[in-house]
S.K.: 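Just passing along the structure, written as structure tokens.
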2 protein chains.
Amino acid sequence: METKNPIQSAERIFNILEYVAHNGPVGVVEIGNALELHKSTVHRMLLSLISMGYVEQNDKSGKYQLTFKLVQLSSIFLSNIDIYAIAHPYMERLAKECQETVHLVERTGSDVVYIDKVEPAGPRDSSIRMASHIGLLRPMYCSAVGKAILAELPKEELYSIWENSNPEKKTEYTITSLDKMEEELKMIKMKGYALDNEENEIGVRCIAGAILDYNNNSKYAFSISAPISRMTDERVEELSSHVLKMKGELSKHLGNLS
Amino acid sequence: METKNPIQSAERIFNILEYVAHNGPVGVVEIGNALELHKSTVHRMLLSLISMGYVEQNDKSGKYQLTFKLVQLSSIFLSNIDIYAIAHPYMERLAKECQETVHLVERTGSDVVYIDKVEPAGPRDSSIRMASHIGLLRPMYCSAVGKAILAELPKEELYSIWENSNPEKKTEYTITSLDKMEEELKMIKMKGYALDNEENEIGVRCIAGAILDYNNNSKYAFSISAPISRMTDERVEELSSHVLKMKGELSKHLGNLS
DNA sequence: TAAAAAAGTTTCGTGATATGATACCAATAT
DNA sequence: ATATTGGTATCATATCACGAAACTTTTTTA
């Protein structure tokens, strides 16, 4: 409890709503006991929830249960949230802190699409403003962002994506064997971030983190890209902590609990 | 509005919650105007919603927006609902009405798994109590239930599933060409039900409907199976209306609006 | 199967509590 | 610099939510 709730009935009715959501179909008395409320109070509030369409009474058992109105409401809310608006300020901070280009991608099928990009202020280093632009599609298997997301997906989906990808050697470092990829993903899952070690383009390294939502699903990822000259192993070590921090913060913003 | 809401403040606070869910970050006055509430009332209720964790105030703009608590709540509710319990009574009715075996399946990857089965009462016809049992996995491409679900999925997912399936000719009627399958699915989508025309096993026909949830996603399907001797084209015609009816009712039970 | 207990529903008098007018402060707009 | 708009705080008032009690229905137990 942060601050005191100024509306008693609201506190109570939401507690009831939550109780019903958690404990399937339940009865008036059960709720009353669990929440220490008088049964007539519980009953009145259930009537209120019913009149608003959030709860219904099971014809057979007489128990009370949620309708799908809550789900629909949360669905509407989710469809209105704008990952771009949420992520952009973080990306700017990351770009500033690290003085490197930062990308945001969204998974679409077995590819990722670049949906945002922030470059650090100051004189540009043209060698890195390479093949990346908003809207670009890239296969998942040969990008740090793609691998970051892959590492969060169930095996089954990985296989499905792999089948659809026809992995080819973009560079000598590209991973094209499923076995090696599974190894790699296990490592990524452990470390929490993914590394693209010139697997897509010689001379470019990226560090990426997946963004996890309220359901631990991963639909978005972001990365720091830089020419290998600035991406020594020590620098990767240092940048990875920034990535992990931002990953945690952004995931929290998408409702992730962990 | 069904019946009168016995709790004024509940009515108001939920209206505010809904308004905020729909209209992104909003201000006190805007809500007050939209819902014809005094701004001090709105403010107090927002404080209440904040104290309960459903709403937060944007640091920058001072506007109010939802947190993910609502999403998490709806997520908990969804994980608790039991498709089996919901669908079973409908299946029993269908089996009784049609005097045929009814199945319920859930999609898992590029297969469906049989999770429930109801046989009509009375003397059994052993010719149909064939290769179906709870837990059985079957590819989607050669089953009515599978095709019913496929028809509701985006093209992209269809391709992915197709790749993973290695379609083979189970019978002379099995569809193994992607082009033909896309034709077939278009037809299924139009009609609302799918037909397995001895595509999996000679002598057996099935009619299936997909179940659509609150998001128009399709994870479950059900079917009527019968030996071809009882599944003439006219009978299919007749049974399909039962399937469509049940499809509508079940989908509604899963929060589907249409 | 009767009686008792438990769960659900309705009513209503009471006072706690939600209400909204007013005022105040902060941030934009003019 | 001033006005306007939006957000926050206070408080007297009466409305509205409260819960005791009675009643009905269902389930359990004897």
Side-chain angles (χ1 to χ4, degrees), chain A residues 1-67 80 85 89, chain B residues 1-67 80 85 89:
Chain A
M1 296 297 136
E2 306 192 339
T3 56
K4 189 76 191 106
N5 193 328
I7 305 184
Q8 186 190 58
S9 55
E11 176 85 22
R12 291 173 167 188
I13 207 166
F14 273 92
N15 282 338
I16 291 174
L17 188 76
E18 289 169 19
Y19 188 85
V20 176
H22 281 87
N23 306 81
V26 286
V28 175
V29 174
E30 179 186 343
I31 299 173
N33 291 336
L35 305 178
E36 299 184 27
L37 293 172
H38 197 280
K39 65 175 179 169
S40 79
T41 301
V42 174
H43 184 252
R44 181 161 13 89
M45 292 191 161
L46 286 170
L47 288 182
S48 175
L49 287 169
I50 288 172
S51 87
M52 297 185 291
Y54 287 98
V55 166
E56 66 190 355
Q57 190 170 19
N58 193 308
D59 294 331
K60 303 271 158 64
S61 62
K63 304 263 181 186
Y64 294 88
Q65 59 195 265
L66 286 200
T67 65
N80 283 340
Chain B
M1 295 300 136
E2 307 193 338
T3 57
K4 190 75 192 110
N5 192 328
I7 304 183
Q8 185 188 59
S9 55
E11 176 83 23
R12 291 174 167 187
I13 208 167
F14 273 92
N15 281 338
I16 292 174
L17 187 75
E18 290 170 19
Y19 188 86
V20 176
H22 281 88
N23 307 82
V26 286
V28 175
V29 174
E30 178 186 343
I31 299 172
N33 291 338
L35 304 179
E36 300 185 26
L37 292 172
H38 198 280
K39 65 175 183 169
S40 79
T41 301
V42 173
H43 183 250
R44 180 158 17 87
M45 293 193 160
L46 286 170
L47 288 182
S48 176
L49 287 168
I50 289 172
S51 87
M52 296 185 292
Y54 287 97
V55 166
E56 65 190 357
Q57 191 169 20
N58 193 307
D59 295 330
K60 302 273 159 63
S61 62
K63 304 263 180 185
Y64 294 87
Q65 58 195 262
L66 287 201
T67 65
N80 283 341

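Please read these numbers as outputs of a predicted model, since none were measured by experiment. Atoms considered below: every heavy atom in the structure, side chains included; atoms not considered: hydrogens, waters and symmetry mates. Labels below follow one simple rule: chain letters A, B, ... track the order of the sequence lines, proteins then strands, and each chain is numbered from 1.
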S.K.: At a heavy-atom distance below 4.0 Å, what parts of residues 15-22 of chain B sit against DNA chain D?
M.R.: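 Heavy-atom contacts with DNA chain D come from no residue of residues 15-22 of chain B; none.
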S.K.: What residues, two or more places apart in sequence or in another chain, satisfy ring pair (Phe, Tyr, Trp, His ring centres under 6.0 Å) together with B:Tyr64?
M.R.: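 Expected list: none.
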S.K.: Could you tell me if the side chain of A:Leu17 sits less than 4.5 Å from the side chain of A:Leu66, heavy atoms only?
M.R.: yes
S.K.: From the 5' end of DNA chain C to its 3' end, which nucleotides mark the outer limits of contact with chain A, defined by a 4.0 Å heavy-atom distance cut-off (strictly under)?
M.R.: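 On DNA chain C, the outermost contacted nucleotides are C:dA7 to C:dA18.
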S.K.: Rounded to whole Å, how long is the line connecting atom CG of B:Asn33 with atom P of D:dG7?
M.R.: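 Interatomic distance, CG of B:Asn33 to P of D:dG7: 10 Å.
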S.K.: Would you say that A:Thr67 contacts A:Ile50 through its side chain, given a criterion of any heavy-atom pair below 4.5 Å between the two side chains?
M.R.: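 A side-chain contact under 4.5 Å is absent here.
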S.K.: Measure the CG-OG1 distance between B:Leu35 and B:Thr41 for me, rounded to the nearest 0.5 Å.
M.R.: 11.5 Å
S.K.: Roughly how far, to the nearest 0.5 Å, is CE of A:Met45 from CG of A:Asn15?
M.R.: 9.5 Å
S.K.: Measure the angle between the two terminal helix axes of the helix from C:dT1-D:dA30 to C:dT30-D:dA1, five base pairs each, and quote it to 10°.
M.R.: 40°
S.K.: Give me the atom names and distance for the closest heavy-atom approach of B:Ala85 to B:Pro89.
M.R.: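 Closest approach of B:Ala85 to B:Pro89: O-CD, 3.2 Å.
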S.K.: Working to the nearest 0.5 Å, report the span between CG of B:Leu49 and CD of B:Gln57.
M.R.: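 Result: 12.5 Å between the selected atoms.
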S.K.: Return all side-chain donor-acceptor pairs below 3.5 angstrom for residues 19-28 of chain A, not counting sequence neighbours, or 'none' if the list is empty.
M.R.:
unit_1	atom_1	unit_2	atom_2	d
A:Tyr19	OH	A:Glu30	OE2	2.9
A:His22	ND1	A:Glu18	O	2.8

S.K.: Nearest 0.5 angstrom please: A:Lys39 NZ to A:Ile31 CD1, how far?
M.R.: 13.0 Å
S.K.: Do A:Ser48 and B:Glu11 have side chains that approach each other closer than 4.5 Å (heavy atoms only, starting at C-beta)?
M.R.: no
S.K.: B:Ile16 and B:Val42: which non-hydrogen atoms are nearest, and at how many Å?
M.R.: CD1-CA, 4.1 Å
S.K.: Heavy atoms under 4.0 Å is the rule here; annotate nucleotides 8-21 of chain D 5' to 3' with B where the base is hit, S where only the sugar-phosphate is, and - elsewhere.
M.R.: BB------SSBBB-
S.K.: Using 0.5 Å steps for rounding, measure from the CG atom of B:Asn5 to the CZ atom of B:Arg12.
M.R.: 11.0 Å
S.K.: In whole angstrom, what separates A:Lys63's NZ from D:dT26's C1'?
M.R.: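 About 12 Å, once rounded to whole Å.
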S.K.: Do B:Ile13 and B:Tyr54 have side chains that approach each other closer than 4.5 Å (heavy atoms only, starting at C-beta)?
M.R.: no
